[in-house]
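Inspection log for the structure reproduced underneath, given as structure tokens.
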Amino acid sequence: MTFPMALRLLGTLSLLWTVVACTTTLPTLPPHGQPLASDTSVSEAVARIQLETPEPGGIEGIAALPQTEAAAPAHADLWARLRNGYALPEVSHKRIDQETDWYARHPNYLDRVAERARPYLHYIVDEAERRGIPAEIALLPVVESAFKPFAYSHGRAAGIWQFIPGTGRHYGLKQNWWYDGRRDVYASTAAALEYLQQLQKNLDGDWLLALAAYNSGEGTVRKAIRRNKKKGKPTDFWSLHLPPETRGYVPRLLAIARIIKDPAAYDLELTPIADTPYFSKVDIDGQVDLALAAELADIELDELYMLNPGFNRWATAPKGPHYLLLPVDKAAGFSERFAVLPKEQRMRWAHHKVASGETLSHIADKYRISVALLKSSNKLRSNFLRTGQNLVIPIASKSAPTYRLSASQRKQRTLNAPKSGRNKITHVVVAGDTMWDIARTYKVGVRELAKWNAMAPRDTLHRGQKLVVWTKTVQRTARHVSPATPPSSKPVIQRVNYTVRRGDSLARIAARFRVRITDLMRWNTLLSKSKYLQPGQRLKLFVDVTQQSS
């Protein structure tokens with residue numbers, strides 16, 4: 001190479017280095033071209049600039065730098081991000097094909113599930129990625145609950161992850177009069193993913209076996225593995241003899257993942273979900289009336305309940321958790337207004353003067369609160385009351401109808417429900433169910449049953465599918481299930497099919513589901529007080545979901 005050529009090359013390289021150096025030191029705007037917030041610290045701004053500045057990559061790298069617009073996000077939407085994180089083994093199996101065919105033939109169902117998932121899915125994907133969990137598992141609530149935050153099953157499982165009470169408590173999910181952590185999307189997601197990771201570790205790193213164990217229990221899966229080992233058979237999920245529900249459970253998740261991976265292959269178009277956080281977690285330092293919180297956040301109370309379905313009553317729990325999930329664009333305003341609100345104004349209190357003969361139970365019933373809450377609010381160590389004693393009692397700031405459990409239930413009541421004279425229950429489809437059988441059981445018409453569930457009368461039912469039924473036959477039941485339901489909680493009555501276990505009695509079953517023995521006998525006309533229950537016997541109950549915590 002001649003000296004002049006070398007000199008020219010050196011000059012060119014020097015110029016390129018100058019351009020790159022300038023590029024890496026110029027301040028970069030936040031995503032979407034928005035200016036830095038006024039309260040952004042210098043260290044945060046520097047960290048953001050460092051993260052957003054592309055690394056120099058020669059002439060091609062410089063040419064690829066944006067000229068007038070910020071760099072495009074890594075994923076067009078959340079579905080694309082999900083696909084990018086797929087890690088479960090791709091399997092071809094007839095069970096997956098059958099489930100895929102069902103979902104492909106019910107696009108409206110997928111649309112409804114996607115809309116319900118919108119507020120929660122980004123957080124779940126974030127948590128799965130942070131833990132190194134296959135992204136397909138973020139879709140598990142589709143199978144468990146169709147992303148209904150108030151879902152409640154015949155096995156007393158609750159929330160989008162369908163925790164039963166015992167497992168929920170084991171993984172730190174509180175369940176009390178005020179709060180059910182199984183329905184808290186923030187807490188239950190962390191608990192579910194931790195549980196799944198533990199199952200995967202215990203089952204030799206096999207995610208499909210972990211999913212099966214999540215559905216039917218680790219003991220059930222281990223027993224099936226031991227049985228196959230004795231027979232010299234393979235011990236993978238597809239070779240095990242598991243309960244029918246579990247044999248369909250894992251293929252159902254894989255079918256959903258398959259459809260999301262390539263919806264066009266099934267002539268489907270997924271409802272778009274932005275790859276941005278929907279909510280922010282805002283810490284609060286004590287109890288607050290939820291209606292007041294919604295006003296401070298400038299959102300509807302129904303939306304607050306949908307983001308915070310763990311709260312059973314009109315206020316957050318006095319002993320925590322002390323946080324709320326709020327839309328990202330409302331969190332800062334709420335925090336500012338909440339910080340200047342005096343603590344004594346965050347709850348409404350009634351003053352009660354004890355009359356002669358009154359007991360804690362009488363007063364608690366009058367105000368529709370628990371005796372435990374009445375005692376803790378007044379720092380009472382015993383049940384003894386003095387005539388003339390003054391008590392303070394927490395009460396809701398709004399009328400009872402104001403505190404809805406969820407926006408989705410409100411929509412069902414106003415759009416699909418009969419105008420009056422009916423009570424809502426949920427029927428969980430079991431093997432062999434047909435629209436005609438279910439309609440006959442509840443004494444309703446097949447066409448109206450289909451209408452309530454946005455289906456056609458001849459649509460195929462799916463095992464585990466939840467159907468809304470508005471029936472007159474449960475009208476008296478609704479009054480008996482929870483006679484002391486507080487004004488802030490409307491009863492949510494669901495039918496539960498219960499299989500009698502060894503050692504069960506009518507009293508034990510009634511206590512477990514918080515119903516009356518007389519109602520239990522009335523719902524099951526073959527029972528009598530003198531007749532013993534038999535293991536395996538099937539009973540039907542109508543329970544109030546809001547009364548099933550702990």
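Side chains included, hydrogens not; waters and symmetry mates left out as well; all remaining heavy atoms used.
- Interatomic distance, Leu78 CG to Arg83 CZ, rounded to the nearest 0.5 Å: 10.0 Å.
- The closest side-chain heavy-atom distance from Leu253 to Leu211 is below 4.5 Å.
- For the pair Leu209/Phe237, a side-chain contact is recorded, criterion being any heavy-atom separation below 4.5 Å from C-beta on.
- You'll find the side chain of Ser280 stays beyond 4.5 Å of the side chain of Lys330, heavy atoms only.
- Although no hydrogens or angles enter the test, the distance criterion places a donor-acceptor pair under 3.5 Å between the side chain of Tyr123 and the main chain of Tyr186.
- Two residues are said to be in side-chain contact when any heavy atoms from C-beta on lie closer than 4.5 Å; Thr100 and Ile259 meet this criterion.
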Walk me through it: do Arg81 and Asn84 pass the test side-chain contact (heavy atoms from CB on, under 4.5 Å)?
CA-CA 5 Å; Arg81 180 179 172 189; Asn84 193 55; 5.6 Å; no
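- At distances below 3.5 Å, at least one donor-acceptor pair connects side-chain atoms of Glu136 with backbone N or O atoms of Leu88.
- Between Ile124 and Pro141, the shortest heavy-atom contact is CD1-CG, 4.3 Å.
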Output, in order, the C-alpha distance, side-chain angles, deciding distance and verdict of side-chain contact (heavy atoms from CB on, under 4.5 Å) for Tyr249 and Leu140.
CA-CA 10 Å; Tyr249 179 85; Leu140 194 58; 3.2 Å; yes
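- Using a cutoff of 4.0 Å between basic side-chain nitrogens and carboxylate oxygens, Asp101 and Arg105 are scored as salt-bridged.
- A donor-acceptor contact shorter than 3.5 Å is absent between the side chain of Arg502 and the backbone of Pro535.
- Between the CG atom in Asp97 and the CD atom in Glu99 there is a gap of 10.5 Å [rounded to 0.5 Å].
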Could you please spell out the steps behind the salt bridge (charged side-chain N to carboxylate O under 4.0 Å, His left out) verdict for Glu115 and Arg118?
CA-CA 5 Å; Glu115 283 299 328; Arg118 186 186 300 278; 2.8 Å; yes
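- The structure places CG of Asn215 at 10.5 Å from CD of Gln162, a figure rounded to the nearest 0.5 Å.
- Taking each heavy atom of Val125 and Ala138 in turn, the nearest pair found is CG2-CB, 4.0 Å.
- Interatomic distance, His106 NE2 to Arg112 CZ, rounded to the nearest 0.5 Å: 9.0 Å.
- For Asn312 and Arg183, the side-chain atoms include at least one donor-acceptor pair closer than 3.5 Å.
- In this structure Trp238 satisfies the side chain to side chain contact (heavy atoms under 4.5 Å, CB included) test together with Val91, His93, Arg95, Ile96, Leu208, Asp236, Pro251, Leu254, sequence neighbours excluded.
- For Lys261 and Glu90, the salt-bridge test passes: some basic side-chain N is under 4.0 Å from an acidic carboxylate O.
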Please evaluate residues Tyr266 and Tyr103 with respect to the criterion ring-ring contact (aromatic ring centres under 6.0 Å, His included), reporting the C-alpha separation (whole Å), side-chain torsions for both, the decisive distance (0.1 Å), and the verdict.
CA-CA 9 Å; Tyr266 305 96; Tyr103 285 115; over 10 Å; no
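- Contact annotation: the side chain of Tyr278 approaches that of Leu307 to within less than 4.5 Å [non-hydrogen atoms, C-beta and beyond].
- Under the 30°/60° scheme for interplanar angles, the aromatic rings of Tyr179 and Phe311 are found to be tilted.
- Residue pairs satisfying the salt bridge (Lys or Arg N to Asp or Glu O under 4.0 Å) criterion with at least one member in residues 193-204, sequence neighbours excluded, are absent.
- Asp504 contributes no side-chain N or O that, together with a main-chain N or O of Leu533, makes up a donor-acceptor pair within less than 3.5 Å.
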Take Asp77 and Asp275 through the test side-chain contact (heavy atoms from CB on, under 4.5 Å) and record every step on the way to the result.
CA-CA 5 Å; Asp77 64 6; Asp275 186 19; 5.5 Å; no
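- Residues passing the side chain to side chain contact (heavy atoms under 4.5 Å, CB included) test with Ala293 are Val288, Leu304, Leu324, Phe334, sequence neighbours excluded.
- Using modelled atom types, one side-chain atom of Arg247 and one backbone atom of Leu242 make a donor-acceptor pair closer than 3.5 Å.
- Every side chain to side chain contact (heavy atoms under 4.5 Å, CB included) that Asp111 has, sequence neighbours left out, goes to Asn108, Thr271.
- Residue Asp262 qualifies as enclosed at atom CG: its count of foreign heavy atoms under 6.0 Å is above 12.
- Phe163 and Tyr214 have perpendicular rings, their planes meeting at more than 60° on a 0 to 90° scale where under 30° would count as parallel.
- Other residues, nucleotides and ligands contribute only 12 or fewer heavy atoms inside 6.0 Å of the CZ atom of Arg501.
- Between the side chain of Gln175 and the backbone N or O of Gly168, no donor-acceptor pair lies under 3.5 Å.
- Using a distance-only test at 3.5 Å, with no hydrogens or angles considered, a donor-acceptor pair links the side chain of Gln200 to the main chain of Gly205.
- Looking at Trp79 and Pro263, their side chains never come closer than 4.5 Å, going by heavy atoms from C-beta outward.
- In this structure, Arg313 CZ and Leu290 CG are separated by 12.0 Å, a value rounded to the nearest 0.5 Å.
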Stepwise side-chain contact (heavy atoms from CB on, under 4.5 Å) check, Trp207 with Ile133
CA-CA 9 Å; Trp207 276 111; Ile133 292 176; 4.1 Å; yes
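- A pairwise comparison of heavy atoms in Ser335 and Val282 identifies OG-CG1, 3.4 Å as the closest pair.
- Taking the side chain as every heavy atom from C-beta outward, Glu303 and Pro327 approach each other to under 4.5 Å.
- The CG atom of Leu240 lies 11.5 Å from the OG1 atom of Thr220; values are rounded to the nearest 0.5 Å.
- For Trp161 against Thr189, the heavy-atom pair with the smallest separation is NE1-OG1, 3.0 Å.
- The stretch residues 315-324 participates, sequence neighbours left out, in these side-chain hydrogen bond (donor to acceptor under 3.5 Å, both in side chains) pairs: Asp184-Tyr323.
- Scanning all heavy atoms of the two residues, the minimum distance from Leu193 to Ala128 falls at CD1-N, 3.9 Å.
- Atom CD of Gln198 has more than 12 heavy atoms from other residues, nucleotides or ligands within 6.0 Å.
- Within the 3.5 Å criterion, the main-chain N or O of Ala146 finds a donor-acceptor partner in the side chain of Arg116.
- Contact annotation: the side chain of Leu325 never approaches that of Tyr120 to less than 4.5 Å [non-hydrogen atoms, C-beta and beyond].
- A side-chain donor-acceptor contact under 3.5 Å links Asn524 to the backbone of Leu520.
- Between Leu110 and Leu268, the closest heavy-atom pair is CD1-CD1, 3.9 Å.
- Every residue two or more places apart in sequence or in another chain that forms a side chain to side chain contact (heavy atoms under 4.5 Å, CB included) with Ala213 is listed here: Leu199, Leu203, Glu218, Val221.
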